[in-house]
Amino acid sequence: MAKHEAEFYHKNGIPAMSLALFKTKQTSPDLVSVPIEYVENAIRYLKEQGYQKIGIDGASKGSEMALVAGSLLSDISCVIARVPSYYVSEGLGTLTVIKMLLRIRSFRLRT
């Protein structure tokens, strides 16, 4: 999805770079523990290329990263958070889903 968003921005005259948060050769297979340094490295690269104003756009879990990065990294001047949650969750890995299902089952057994 990130690649399609970057292409949309390019078509509308806005230079863009996409970052996949998981399922690539350089990232985790699950959407868990994405370090903020991942965004910092992208910002450093963009500044080396001469970009001065840097914004970040994210949807769903990506919006959590966008909000966290925007609050921690002073080089980000614009944040677009699409479909964000109201808190940063632990991730969406296989283990996380299993833990969630066990909590739901445990809750149902108690009620």
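Quick note: numbers below take in every heavy atom, side chains included, and nothing from hydrogens, waters or symmetry partners. Here the structure is a predicted model, which is why all the values come from computation and not from measurement.
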Asker: CG of Leu46 to CD1 of Ile54: how many Å apart, nearest 0.5 Å?
Answerer: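 Here the interatomic distance stands at 5.0 Å.
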Asker: Hey, what do you get for CZ (Arg44) to CG (Leu73), rounding to the nearest 0.5 Å?
Answerer: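 Arg44 atom CZ to Leu73 atom CG measures 10.0 Å (nearest 0.5 Å).
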Asker: If you compare all heavy atoms of Ala69 against all heavy atoms of Ile56, which two are closest, and at what distance to 0.1 Å?
Answerer: CB-CD1, 4.1 Å
Asker: Hey, could you give me the CG/CG distance between Leu67 and Leu72, rounded to the nearest 0.5 Å?
Answerer: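 Taking CG in Leu67 and CG in Leu72, the distance rounds to 10.5 Å.
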Asker: Does the pair Glu5/Arg82 count as a salt bridge with the N-to-O cut at 4.0 Å?
Answerer: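 Looking at Glu5 and Arg82, the cut-off is met.
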Asker: Could you state the interatomic distance from OG (Ser71) to CD1 (Ile76), rounded to the nearest 0.5 Å?
Answerer: 8.5 Å
Asker: Counting only heavy atoms from other residues, nucleotides and ligands, does the tally under 6.0 Å from CD of Gln49 exceed 12?
Answerer: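 Yes, CD of Gln49 has more than 12 neighbouring heavy atoms, counting only those of other groups under 6.0 Å.
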Asker: Taking all non-hydrogen atoms of both residues, which atom of Pro84 and which atom of Ser63 are closest, and how far apart?
Answerer: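 Residues Pro84 and Ser63, closest heavy atoms: CA-OG, 3.0 Å.
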Asker: State, yes or no, whether a side-chain contact exists between Asp75 and Glu40 at a heavy-atom distance under 4.5 Å.
Answerer: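 Contact flag for Asp75/Glu40 side chains = no.
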Asker: So do the side chains of Met65 and Lys61 get within less than 4.5 Å of each other, counting heavy atoms only?
Answerer: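 No, too far: nothing below the 4.5 Å cut-off.
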Asker: Locate the shortest heavy-atom distance separating Phe8 from Asn12; write the atom from each residue and the value.
Answerer: O-ND2, 2.8 Å
Asker: Identify each donor-acceptor pair in which a side-chain atom of residues 15-25 lies under 3.5 Å from a protein atom, sequence neighbours left out, and give them as a table.
Answerer:
residue : atom : partner : partner atom : Å
Thr24   : OG1  : Gln26   : N            : 3.3
Thr24   : OG1  : Thr27   : N            : 3.2
Thr24   : OG1  : Thr27   : OG1          : 2.7

Asker: Measuring from atom OH of Tyr9 to atom CG of Asp57, what distance do you get when rounded to the nearest 0.5 angstrom?
Answerer: 3.5 Å
Asker: Should Val83 and Ile80 be regarded as members of a common hydrophobic cluster, given that ILVMFWY residues are connected when their side-chain heavy atoms come within less than 4.5 Å of each other, either directly or indirectly?
Answerer: no
